[in-house]
Amino acid sequence: MQIKTAEFIKGIVGSDPILSDGRAEIAFVGRSNVGKSSLINSLTKRKNLVKVSSSPGRTKEINFFLINDELYFVDLPGYGYASVSQKEQESIRERIVWYLQTDEIEDKSVVIVLDIKVGVTDFDKQVINILRELDIPYVLIANKADNVRAVDHKYAVQNIRNESRTSPMIPIVLYSSKTGLGRNELTSILLK
Ligand code: GDP
């Protein structure tokens, strides 16, 4: 299967009818600057679907993109912007947790984007715990894999597996928007 069409629908900040319109939702979560926007653009082969490196002010919303007229990619706000106040950072984290926990969505899965050189942050661990508790399917992305030599990829993935304490059942996908590594693998996992 392929991603043929991708269209921005809307941004939300809380409960909204779009959550319960019956379409499956695949949400993307990650630290700011982890390359989440680039990853969504590369998956959908659209250069500017998600504005790369847009200012934190514009990315506090939960943005919905309709894929192939049948499911949503949901871009959750990036967390950990250095330029954002503690209070604002807290409200972004709360918004992410709210989305993960809301039971308005029938079919939800999550892509956790990690920087291959940074690994698993405390908030990533919190996200993973919530997903585990609620039995929500997820995959981990070792992103910006082009920043690590290919011979070290296996080691980096093992590190992420240990830090996140995820079972071997959970896929960890090496990804690079720069080289296209992982694009086909992730697309087939997500559209399955
Ligand atoms: P976001 O804040 O998570 O949405 O991250 P962006 O997609 O805006 O990317 C943040 C920075 O990382 C930008 O300077 C991108 O050019 C860079 N970047 C994104 N993806 C990759 C990648 O696969 N490899 C490398 N080396 N850099 C990347």
Side-chain angles (χ1 to χ4, degrees), residues 3 6-13 25-65 67 72-86 88-93 95-97 99-100 109-128 138-157 159-160 164 171-190:
I3 295 175
E7 178 195 354
F8 174 71
I9 303 296
K10 59 153 63 169
I12 68 168
V13 294
E25 301 184 15
I26 300 172
F28 295 77
V29 63
R31 242 178 75 251
S32 66
N33 213 41
V34 75
K36 180 163 59 69
S37 309
S38 305
L39 182 145
I40 296 172
N41 289 335
S42 114
L43 271 181
T44 54
K45 291 192 177 157
R46 294 272 301 273
K47 262 194 189 143
N48 287 309
L49 187 66
V50 186
K51 215 169 167 327
V52 174
S53 300
S54 45
S55 72
R58 299 180 56 180
T59 54
K60 281 183 281 189
E61 299 191 336
I62 296 173
N63 289 308
F64 281 72
F65 301 91
I67 305 298
Y72 294 116
F73 279 2
V74 179
D75 187 20
L76 295 174
Y79 57 86
Y81 277 103
S83 61
V84 165
S85 72
Q86 285 299 325
E88 198 63 57
Q89 293 208 25
E90 183 53 34
S91 93
I92 287 174
R93 285 195 294 265
R95 185 161 294 161
I96 294 169
V97 168
Y99 175 87
L100 298 175
S109 46
V110 176
V111 177
I112 302 174
V113 189
L114 308 169
D115 185 317
I116 195 167
K117 291 186 93 170
V118 176
V120 187
T121 68
D122 285 346
F123 188 67
D124 295 321
K125 288 179 190 166
Q126 224 175 298
V127 167
I128 291 168
Y138 64 95
V139 298
L140 297 171
I141 306 296
N143 201 30
K144 303 193 187 183
D146 58 285
N147 281 337
V148 167
R149 294 183 310 167
V151 289
D152 294 326
H153 279 171
K154 222 174 145 182
Y155 174 72
V157 166
N159 248 353
I160 289 174
S164 61
I172 299 178
V173 180
L174 288 155
Y175 202 96
S176 168
S177 305
K178 284 216 167 138
T179 67
L181 176 72
R183 194 183 168 276
N184 291 341
E185 184 186 357
L186 185 57
T187 304
S188 70
I189 291 174
L190 296 185

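Both counts, for ligands and for their atoms, begin at 1 and track the order of listing. Residue numbers run from 1 in the order of the sequence given.
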J.: Output yes when the distance from some N or O of ligand 1 to some N or O of K144 is under 3.5 Å, and no in every other case.
T.: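 It does: an N or O of K144 is found under 3.5 Å from an N or O of ligand 1.
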J.: Distance under 4.0 Å to a non-hydrogen atom of N147: what atoms of ligand 1 satisfy this?
T.: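 Those atoms are 26 (N).
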J.: Counting only heavy atoms, which portion of D146 has something under 4.0 Å from ligand 1: side chain, backbone, both, or neither?
T.: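 Contact part for D146 vs ligand 1: side chain (C-beta onward).
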J.: Do Y99 and E25 have side-chain atoms, one donor and one acceptor, less than 3.5 Å apart?
T.: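 Result is yes, a qualifying pair exists.
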J.: Sub-3.5 Å donor-acceptor pair from the side chain of R95 to the main-chain atoms of K60, do we have one?
T.: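 A pair under 3.5 Å: yes.
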J.: Any donor and acceptor pair, going by atom type alone, linking the side chain of H153 with main-chain N or O of V148 inside 3.5 Å?
T.: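 Answer holds: yes.
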J.: Centre-to-centre under 6.0 Å for F28 and F73, is that the case here?
T.: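 Yes, close enough.
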J.: Using side-chain heavy atoms (C-beta onward) and a distance below 4.5 Å, is F64 in contact with I12?
T.: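 A side-chain contact exists here, since the closest heavy-atom pair is under 4.5 Å.
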J.: Y175 versus ligand 1: do any nitrogen or oxygen atoms come within less than 3.5 Å of each other?
T.: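 Between Y175 and ligand 1 (N or O atoms, distance only) the closest approach is not under 3.5 Å.
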J.: With atom 6 (P) of ligand 1 as the reference point, say which of S176, S38, G30 has the nearest heavy atom.
T.: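 Among S176, S38, G30, the closest heavy atom to atom 6 (P) of ligand 1 belongs to S38.
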J.: For ligand 1, find out whether one of its N or O atoms is nearer than 3.5 Å to an N or O atom of K36.
T.: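 Yes; the residue has a nitrogen or oxygen that sits under 3.5 Å from a nitrogen or oxygen of the ligand.
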J.: Side chain or backbone, does N143 bring an N or O within less than 3.5 Å of an N or O on ligand 1?
T.: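 Between N143 and ligand 1, no N or O pair is found under 3.5 Å apart.
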J.: Which of the atoms of ligand 1 are close to S37, meaning less than 4.0 Å from one of its heavy atoms?
T.: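 Checking each atom against S37, I get 1 (P), 4 (O), 7 (O).
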J.: Does Y175 reach the side chain of L43, with side-chain heavy atoms less than 4.5 Å apart?
T.: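 The answer is yes; the side chains approach within 4.5 Å.
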